[in-house]
2 protein chains.
Amino acid sequence: MNDGKHIDISAHHSNKNMSNTQHAVNVLRELIIDNRLASGSNHLESELAKMLGMSRTPVREATLILEAQGLVEVKPRHGIKILSISPEDMDEIYNILTELESLAAELAAQKGYTDNEFLVAEGAIQQMDEALAREDREAWARADELFHSELIRLSGSERIGNIFRMFVDQVSRARKLTLNLRPTPTQSNEDHRTVLQAIRKGDAKTARKIHRQHRLQAKKMLIALLEQYGFHNV
Amino acid sequence: MNDGKHIDISAHHSNKNMSNTQHAVNVLRELIIDNRLASGSNHLESELAKMLGMSRTPVREATLILEAQGLVEVKPRHGIKILSISPEDMDEIYNILTELESLAAELAAQKGYTDNEFLVAEGAIQQMDEALAREDREAWARADELFHSELIRLSGSERIGNIFRMFVDQVSRARKLTLNLRPTPTQSNEDHRTVLQAIRKGDAKTARKIHRQHRLQAKKMLIALLEQYGFHNV
DNA sequence: GAATATTTTAATGTATACATTAAATAGCTT
DNA sequence: AAGCTATTTAATGTATACATTAAAATATTC
């Protein structure tokens, strides 16, 4: 069921004090969002266990956790399926992310943070500017991710964070795929600046509104790209 | 770690063709949301396994799934902890439910459903009226739940549904607790009618707005009750 | 030869034995 | 007796053997 290709699973995870189950979750998650375990592919428990150098037990546990996070589907006699994402899935997920992030922006604005709480978010915006200036899209994407997760962090809601990360993982492959197909994201940087400014001023309504528009715009663009290039299952 | 009290786990689940793991998830979930496994209590794997009449393996798998759904916390040497809900948690969860349901209302309105698609939602509203008339709060709560989950169903989004159910489960005990403490929910019935009317007319904006207000109002009332009665951990 | 019944196979589901390890306890040392 | 160390204990974490079962392969019937 696998081509036997060697897969480097050393990853960036210090296996120290970590159960095999947790390690399996981390490694499999990384393999999936990096598209090294191809979306749509099926894998036997024993295959994954062999690959990860452990027995089936922790692998089974890991796949159940990953299933709860929407990354795989465990189908009794057909192996563990790496779920793919269609334009319709993107629409669904971005709708949810839009709501969660808009809520996060609103909550962050209501917190009355002091200036030094925004250092990371500001840094992210600056990195985005710099990346854009030298046309480094990878760097831009990393900074963009940082800004968005920082926004979530500033909301102070652990639960929003959990759901957010879950869905960001689900769309990760599609995001990477469109990174070099999309137009230069100048508007994004502008939007982020405006949102952060509103949060800083405690203007929850504006923060919410602008961020919402920002996300809806991104959704529209991404889905159009996926459809234009015929990516029906990423 | 348990008082040994007999617990009826026959539940309403036909164990037919269902794995022990799935069965354990269903039974434990029900015991938790019914408060028969007290919030805050800790339980050993072996204790739960004995209670459910199966080995530790499927119980372990079940607890991992329930942990991913936010109902328990698996703490290595302290057992499986049934998570309790504070007023702050309620605030967090209701904020998320508000966004998800408002989104669902908007999406439902955009679907252009025909009249017979609203039969269940209408039935729920009617049941709520009847329950209110005879002051049967249990029946009212059931019908209210039905209306809300029907709204989610009408959104057509499986993912919204999954997250929705997850958080509804998490607040279930608090909800039951406040059911007989809250004022007569006449406004709720009115709101539901208005939202459904907007959805029927395809007025997404209104559906969203009214439902949002409806939920924010409910949140405020519930949290006030919890604090007023000193329920810091439900 | 197509359709059906039977056997085989291979994967998952489950129980259990064992390994590991954090906490509790007992035993020293001063 | 307080504080440290060693030992014991009990729970989780993991591997593995076994049970179950869906799918595949084979045999059988007409």
Side-chain angles (χ1 to χ4, degrees), chain A residues 1-4 9-11 13-29 32 37-38 40-69 71-83, chain B residues 1-4 9-11 13-29 32 37-38 40-69 71-83:
Chain A
M1 235 163 170
N2 177 312
D3 57 8
I9 56 166
S10 60
H13 302 288
S14 65
N15 197 358
K16 265 280 197 177
N17 292 339
M18 193 188 283
S19 70
N20 282 358
T21 299
Q22 191 53 57
H23 187 240
V25 168
N26 292 341
V27 172
L28 290 175
R29 174 184 166 276
I32 292 168
L37 279 180
S41 63
N42 292 89
H43 305 270
L44 300 179
E45 289 177 4
S46 48
E47 172 203 333
L48 297 178
K50 195 175 168 190
M51 185 176 101
L52 299 176
M54 57 183 74
S55 77
R56 275 175 55 219
T57 305
V59 169
R60 256 182 85 84
E61 295 183 352
T63 59
L64 290 172
I65 291 171
L66 291 168
E67 182 174 45
Q69 296 177 354
L71 285 182
V72 308
E73 185 182 357
V74 177
K75 311 220 316 191
R77 303 267 145 194
H78 302 94
I80 291 108
K81 177 169 196 163
I82 314 299
L83 290 177
Chain B
M1 237 159 167
N2 179 313
D3 59 5
I9 55 167
S10 60
H13 302 288
S14 64
N15 198 359
K16 264 276 194 179
N17 291 339
M18 192 189 282
S19 71
N20 282 358
T21 298
Q22 191 54 56
H23 186 239
V25 167
N26 291 342
V27 173
L28 290 174
R29 173 184 165 277
I32 292 168
L37 279 178
S41 63
N42 292 89
H43 305 269
L44 300 179
E45 289 177 4
S46 48
E47 172 202 334
L48 297 179
K50 195 175 169 191
M51 185 176 100
L52 299 176
M54 55 183 76
S55 78
R56 275 176 54 220
T57 306
V59 169
R60 256 182 85 84
E61 294 183 351
T63 59
L64 290 172
I65 291 170
L66 291 169
E67 183 174 44
Q69 295 176 353
L71 285 182
V72 308
E73 184 181 358
V74 177
K75 310 218 322 191
R77 303 269 144 192
H78 301 95
I80 292 110
K81 178 170 195 160
I82 313 299
L83 290 177

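Residue numbering restarts at 1 for every chain, and letters A, B, ... go by the order of the sequence lines. Note: hydrogens, waters and symmetry copies are ignored here, and every other heavy atom, side chains too, is used. These numbers were taken from a predicted model, which means no experiment stands behind them.
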Rounded to the nearest 0.5 Å, what separates atom CG in L64(B) from atom CD in E67(A)? 12.5 Å

Report yes or no: is there a donor-acceptor pair, N or O only, under 3.5 Å between the side chain of S19(A) and the base of dT14(D)? no

Nucleotide dT14(D), atom P - distance to CD of Q22(A) in whole Å: 10 Å

For Q69(A), what residues pass the side-chain contact (heavy atoms from CB on, under 4.5 Å) criterion, not counting sequence neighbours? I65(A), L66(A), M166(A)

Expressed in angstrom and rounded to an integer, what is the separation of M18(B) atom CE from dT14(C) atom C1'? 17 Å

Between K75(B) (NZ) and dA23(C) (P), how many Å, whole number? 11 Å

Heavy atoms of V74(A) and P76(A) approach each other most closely as O-CD, 3.4 Å

Please find the pair of heavy atoms, one from N42(A) and one from E47(A), that lie closest to each other, and give the distance. O-OE1, 4.2 Å

In whole Å, I'd like the distance from the CG atom of N20(B) to the C1' atom of dT12(C). 13 Å

Could you state the atom-to-atom distance from CG of L44(B) to P of dG13(D) in whole Å? 12 Å

Heavy-atom pair with the smallest gap, counting every atom of L44(B) and I80(B): C-CD1, 4.3 Å

DNA chain C contacts made by residues 59-66 of chain B, counting heavy atoms under 4.0 Å: none

Go through the N and O atoms of the side chain of R56(B) and the base of dG13(D), and report whether any donor-acceptor pair is under 3.5 Å. yes

Among the nucleotides dT14(D), dG13(C), dT16(C), which one has an atom lying closest to any side-chain atom of E45(A)? dG13(C)

Using whole Å, what does the distance between atom P of nucleotide dT12(D) and atom CG of N42(B) come to? 10 Å

Value in whole Å for how far the C1' atom of dT12(C) lies from CZ of R77(A): 5 Å

By nearest nucleotide on DNA chain D, pick out whichever of S46(B) and T57(A) is the more 5' one. S46(B)

Check: residues 48-58 of chain B side-chain donor-acceptor pairs under 3.5 Å, at least two apart:
{"unit_1": "S55(B)", "atom_1": "OG", "unit_2": "T57(B)", "atom_2": "N", "d": "3.4"}
{"unit_1": "R56(B)", "atom_1": "NE", "unit_2": "E45(B)", "atom_2": "OE1", "d": "3.0"}
{"unit_1": "R56(B)", "atom_1": "NH2", "unit_2": "E45(B)", "atom_2": "OE1", "d": "3.1"}

Rounded to the nearest angstrom, tell me the gap between atom CE in M54(A) and atom C1' in dA19(C). 16 Å

What pair of heavy atoms forms the shortest contact from L28(A) to A62(A), and how long is it? CD1-CB, 4.4 Å

